[in-house]
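As structure tokens, the structure follows; a few thoughts come after it.
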Amino acid sequence: MQYFEDIELNKPRETGSYTLSEAEIIRYAKQFDPQYFHIDPEAAKQSQFGGLIASGWHTAATVMRLMVDAAIDMEASLGSPGLKDLQWLKPVRPGDTLRARITCLEKTASKSRPEIGSAVFLVEAFNQKDELVMRMTNTGIMLRRQPGRI
Amino acid sequence: MKYFEDFTPGDEMTFPPRSVTEEEIIAFAKDFDPQPFHIDREAASRTPYGGIIASGWHTMGMMMRLMVDHVLRDAASMGSPGIDELRWLKPVRPGDVLTLKARTLEAVPSKSRPDRGMVTSEHTFYNQHGEAVAFMRGKTIYGRRPAEA
């Protein structure tokens, strides 16, 4: 199991990939983001996007799944207090294949709770053309292998 | 139809409450965030959370759905370039009732595209105890009202 101490700084790690189908894009959006350019392929053609695109939240949720599947720093994870600078840079379209790269930028042992530490991760999501489609900076809370040791 | 011009800094809005079930927490997490404390009661009880909690991404999905149903569906929304800051402040648990409150912070016409502008707003989810559980500050692009013929 990979603990807080085991995370390496500035060493990018790659997830697997996932291809989003039109049906999945519509299914997610009908539940969580039913704007017309996410659920109606015909109407979406008239939008500035020129066709159906995935909800940015669906892209983020897919990236989360890729991170959990790759067990990137997940086993000792206690979740996240939040993130900054989530950017949706390019549309994600049906048939696009997403993959993510995660880089730990900094780690901080908790002063108040010796059994945990926090880590800041740069998360970058790419499509099959290696275009950056989404970026965010997430904080994660992790268990420590050796509580209290700095 | 709400256009860019209809968003005024200082505007506030409270949305109808939204109950969260264990079934939907688990269903979302199995697809998108299958960490043990989101999908397995027994495993979750052994974590500091003491029981199943919603994925933070599920919380944001519930927030977005409310925003679409009550604002964006009848507005000239052109999507969002992103979120400046997002905080998951307290666990969201099965049976919680969440109330969303929104506040418009800023409305800036686009310099490069005269047909649109960018609105910055804050959204906060409160649970039934009045505790803030999730917060985000982000941007939405809205089309400007078409000129009268």
Side-chain angles (χ1 to χ4, degrees), chain A residues 18 24 27-39 44 47-49 53-69 71 73-92 113 115-116 133-141 143, chain B residues 24 27-39 44 47-49 53-69 71-92 113 115-116 133-141 143:
Chain A
Y18 189 81
E24 285 173 293
R27 179 173 167 265
Y28 177 95
K30 276 188 167 170
Q31 202 175 359
F32 297 113
D33 192 356
Q35 298 184 77
Y36 77 95
F37 37 81
H38 298 318
I39 60 170
S47 76
Q48 60 176 338
F49 305 110
I53 63 166
S55 166
W57 296 106
H58 187 191
T59 303
T62 301
V63 167
M64 186 71 207
R65 177 60 190 265
L66 288 172
M67 287 172 60
V68 175
D69 282 353
D73 311 315
M74 280 289 122
E75 295 100 332
S77 163
L78 290 176
S80 167
L83 57 90
K84 293 199 308 188
D85 301 324
L86 189 164
Q87 297 168 296
W88 291 301
L89 297 162
K90 280 195 181 298
V92 172
R113 291 177 60 190
E115 75 277 15
I116 62 171
V133 300
M134 188 189 85
R135 178 205 281 140
M136 57 184 174
T137 303
N138 285 28
T139 300
I141 307 294
L143 285 172
Chain B
E24 67 178 309
F28 179 96
K30 278 187 167 170
D31 278 344
F32 296 112
D33 193 356
Q35 299 185 76
F37 38 85
H38 297 319
I39 59 171
T47 71
Y49 298 113
I53 63 169
S55 165
W57 296 107
H58 185 195
T59 304
M60 303 324 290
M62 291 190 276
M63 194 184 274
M64 188 67 194
R65 176 63 190 269
L66 287 164
M67 289 163 63
V68 175
D69 282 352
V71 179
L72 297 174
R73 191 178 51 180
D74 298 314
S77 161
M78 300 170 84
S80 168
I83 304 296
D84 297 333
E85 187 186 348
L86 191 166
R87 281 184 263 148
W88 292 300
L89 300 162
K90 282 197 180 294
V92 171
R113 320 269 291 262
D115 66 340
R116 65 195 69 181
V133 301
F135 163 88
M136 77 166 177
R137 187 176 69 253
K139 295 173 159 58
T140 309
I141 301 170

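In what follows, chains carry the letters A, B, and so on, assigned in the order in which the sequence lines appear, proteins first and then strands, with residues in each chain numbered from 1.
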For this session: With side chain to side chain contact (heavy atoms under 4.5 Å, CB included) as the test, would you mind laying out the steps for Phe32(B) and His58(A) before giving the verdict?
Result: CA-CA 9 Å; Phe32(B) 296 112; His58(A) 187 191; 3.8 Å; yes

Query - Part of residues 133-141 of chain B lying next to chain A, heavy-atom separation under 4.5 Å - result: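 So the qualifying residues are Met136(B).
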
Ignoring hydrogens, what is the shortest heavy-atom contact between [X] and [Y]? Give both atom names and the distance.
X	Y	answer
Gly61(B)	Tyr28(A)	CA-OH, 4.2 Å
Leu78(A)	Phe37(B)	C-CZ, 4.0 Å
Gln48(A)	Met78(B)	NE2-O, 2.8 Å

Side chain / backbone / both / neither for [X] at chain B, heavy atoms under 4.5 Å:
X	value
Met134(A)	neither
Gln87(A)	both
Lys90(A)	neither

Does the side chain of Val63(A) come within less than 4.5 Å of Trp57(B)'s, by heavy atoms?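 No, their side chains stay 4.5 Å or more apart.
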
Where on [X] is there a heavy atom nearer than 4.5 Å to chain A: the side chain, the backbone, both, or neither?
X	value
Ser55(B)	neither
Arg73(B)	neither
Pro48(B)	side chain
Asp31(B)	both

Return the CG to CG distance between Asp33(A) and Leu72(B), rounded to the nearest 0.5 Å.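 Taking CG in Asp33(A) and CG in Leu72(B), the distance rounds to 8.0 Å.
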
- What's the spacing between His58(B) NE2 and Gln31(A) CD if we round to 0.5 Å?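 Atom-to-atom, His58(B):NE2 and Gln31(A):CD are 6.5 Å apart.
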
Classify the angle between the aromatic ring planes of Phe28(B) and Phe32(A) as parallel (below 30°), tilted (30 to 60°) or perpendicular (above 60°).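 Phe28(B) vs Phe32(A) ring planes: perpendicular.
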
